[in-house]
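First comes the structure, then the notes that go with it.
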Amino acid sequence: MSTCPPRTVSNRTRLGRGSYATDAATLARRLLGQTLVRVLDDGTRLAGRIVETEAYLGVQDRAAHCFGGRRTRRNEAMYAKPGTAYVYFTYGMHHCFNIVAGRVDEPTAVLIRALEPVDGLEAMRARRSAHRRPGSRPLRETDLCSGPAKTCQALGIDRGFNGVDLTRDAHLFLERGAPASDNAVQRSARIGVQSAGAWADRPLRWFLASNPHVSIRPRAADEWKSACQ
DNA sequence: ATGACGATTTACT
DNA sequence: GTAAATCGTCATA
């Protein structure tokens, strides 16, 4: 009996435009479990499972770079179409990687805060080590991508990727992974936005509760069970 | 031209 | 726990 292989859906399906064209909170939740892929110029594949995200909700969100409608050279990519990369430089030394959500001219985005490394761990370790002082303590696996700037170091994401289309780019994109189940997900307030008044307290951070690659454990008072989506 | 400020990380007490 | 590192960007003058 001839068995033409069934027309399988590849387990390495790139996420398309439709995956990103939703509100930032929904996207932040859905990105947990998806795979972020970086292909180096020499073809090396670096990849990790997304385990922590934050949503930035647009011009009304005091913690967002576009608060009040601010639109500058730096944050211009936030206004681009969904699936665009928004990469910014901060603290004079760090990069952070976001994925634009929503619609054109609606500046909402999801910050990728942590990955569970899957492919290319040694290359990640080399890149992370190069950003540290010589002779410092060896990096554990959980030191590779357990924060937004660490993730950018490990994957070699810098401002050169600002504005690229993640549905098309050859060197940076997302692949479909198993969605995270509700009982594995927790929410908390966002990290590092304490000056944003009432917006600082909103539970717009999503993470896999028991995953060791998550950047920071929230204070108990900030923990939310993810029952409400 | 100048000054204040980070969606962070690291090392150290 | 606290503090330093380090500089592009933007608002003000």
Side-chain angles (χ1 to χ4, degrees), chain A residues 23-25 27-29 31-32 36 50-80 84-102 107-115 117 124-163 187-207 212-220 222:
Chain A
D23 67 278
L27 182 60
R29 167 64 182 84
L31 285 179
L32 295 178
L36 177 62
I50 297 172
V51 299
E52 179 181 347
T53 59
E54 285 178 357
Y56 288 83
L57 301 192
V59 298
Q60 49 175 8
D61 181 352
R62 187 152 172 207
H65 291 159
C66 56
F67 175 65
R70 226 180 67 189
R71 182 168 186 165
T72 66
R73 185 189 309 280
R74 182 201 199 202
N75 70 7
E76 178 63 28
M78 286 192 85
Y79 290 79
T84 299
Y86 169 43
V87 181
Y88 65 86
F89 183 67
T90 190
Y91 292 103
M93 63 191 94
H94 295 305
H95 297 278
C96 291
F97 167 65
N98 300 256
I99 300 172
V100 176
T108 62
V110 175
L111 172 67
I112 303 302
R113 286 197 54 93
L115 306 178
M124 292 185 192
R125 190 182 304 276
R127 285 175 173 277
R128 287 276 294 121
S129 298
H131 284 262
R132 295 160 62 91
R133 299 184 194 165
S136 53
R137 122 183 113 65
L139 289 166
R140 297 162 300 192
E141 194 170 315
T142 51
D143 294 320
L144 297 179
C145 300
S146 54
K150 295 176 187 177
T151 296
C152 285
Q153 284 179 15
L155 298 198
I157 298 173
D158 61 18
R159 276 167 296 180
F161 286 97
N162 187 42
R187 300 173 66 177
S188 77
R190 293 173 292 185
I191 307 298
V193 298
Q194 214 169 354
S195 63
W199 280 90
D201 298 325
R202 298 190 46 167
L204 294 173
R205 172 176 177 247
W206 284 259
F207 59 100
H213 301 276
V214 165
S215 65
I216 295 172
R217 299 288 146 190
R219 298 170 36 182
D222 292 336

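Every chain is numbered from 1, with letters handed out A, B, ... down the list of sequences.
Rounded to an integer number of Å, the gap from CG of A:Leu144 to P of B:dT9 is 13 Å. As a whole-Å value, the separation of A:His131 NE2 from B:dT8 C1' is 13 Å. Atom-to-atom, CG of A:Asp143 to P of B:dT8 comes out at 17 Å; the value is rounded to the nearest Å. Atom P of nucleotide C:dT9 and atom CZ of A:Phe67 are separated by 22 Å, given to the nearest angstrom. Distance A:Arg70 CZ to C:dG8 P: 17 Å, rounded to the nearest Å. A:Leu111 has its CG atom 16 Å from the P atom of B:dG6, to the nearest Å.
With hydrogens and angles disregarded, a donor-acceptor distance shorter than 3.5 Å links the side chain of A:Arg125 to the backbone of A:Leu139. Under the 3.5 Å distance criterion, the side-chain polar atoms of A:Asn162 are left unmatched by any main-chain donor or acceptor of A:Ala77. Formation of a donor-acceptor pair under 3.5 Å by the A:Glu52 side chain with backbone atoms of A:Ser215 is found in this model.
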Could you list the donor-acceptor pairs under 3.5 angstrom formed between side-chain atoms of residues 55-68 of chain A and any protein atom two or more places apart in sequence or on another chain?
residue: A:Tyr56; atom: OH; partner: A:Glu54; partner atom: OE1; Å: 2.7
residue: A:Asp61; atom: OD1; partner: A:Ala63; partner atom: N; Å: 2.9
residue: A:Asp61; atom: OD1; partner: A:Arg190; partner atom: NH2; Å: 3.1
residue: A:Asp61; atom: OD2; partner: A:Leu57; partner atom: N; Å: 3.0
residue: A:Asp61; atom: OD2; partner: A:Arg190; partner atom: NH1; Å: 2.7
residue: A:His65; atom: ND1; partner: A:Tyr86; partner atom: OH; Å: 2.7

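Taking A:Arg71 as the reference, A:Glu76, A:Asp105 meet the salt bridge (Lys or Arg N to Asp or Glu O under 4.0 Å) condition, with sequence neighbours excluded. Partners of A:Ala126 according to the side chain to side chain contact (heavy atoms under 4.5 Å, CB included) rule, which considers only residues two or more places apart in sequence or in another chain, do not exist here. Remark: A:Arg73 engages no residue in a side chain to side chain contact (heavy atoms under 4.5 Å, CB included) (not counting sequence neighbours).
Stacking of A:Tyr56 onto the six-membered ring of B:dA7 is present: less than 5.5 angstrom between centres, less than 30° between planes.
Put simply, CG on A:Leu31 and OG1 on A:Thr53 are 6.5 Å apart, with the number rounded to the nearest 0.5 Å.
Candidate nucleotides C:dC7, B:dT9, B:dA7 were compared by shortest atom distance to the side chain of A:Phe89, and C:dC7 ranks first. Picking from B:dT10, B:dA7, C:dC10 the nucleotide with the shortest atom distance to the side chain of A:Thr72 gives C:dC10.
The shortest distance between the side-chain N/O atoms of A:Arg74 and the OP1/OP2 oxygens of B:dG6 is not below 4.0 Å. Taking only side-chain nitrogens and oxygens, A:His65 comes nearer than 4.0 Å to OP1 or OP2 of B:dA7. Applying the 4.0 Å criterion to OP1 and OP2 of C:dG8, one finds that A:Arg73 has every side-chain N and O outside that range. The side chain of A:Ser136 contributes no N or O atom lying less than 4.0 Å from OP1 or OP2 of B:dT10. The phosphate of B:dC12 (OP1 or OP2) has no side-chain N or O of A:Arg137 nearer than 4.0 angstrom.
One finds a salt bridge joining A:Asp143 and A:Arg137 here, because a Lys/Arg side-chain nitrogen approaches an Asp/Glu carboxylate oxygen to under 4.0 Å.
Residues A:Pro148 and A:Arg113 have side chains in contact (heavy-atom distance under 4.5 Å, counting atoms from C-beta outward).
Note on A:Arg159: only backbone sugar-phosphate atoms sit closer than 4.0 angstrom, heavy atoms only; bases stay farther off. Within 4.0 Å (heavy atoms only), A:Ala149 reaches sugar-phosphate atoms of the nucleic acid but no base atom.
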Give me, pair by pair, the N or O atoms of the protein and of nucleotides 2-6 of chain C that are less than 3.5 Å apart, along with how far apart they are.
residue: C:dT6; atom: O2; partner: A:Tyr91; partner atom: O; Å: 2.5

Fill in the dot-bracket string of DNA chain B, one character per base: . for unpaired, | for a pair to another strand, ( ) or [ ] for pairs within the strand, taking Watson-Crick or G-U pairs under 3.5 Å.
||||||.|||||.
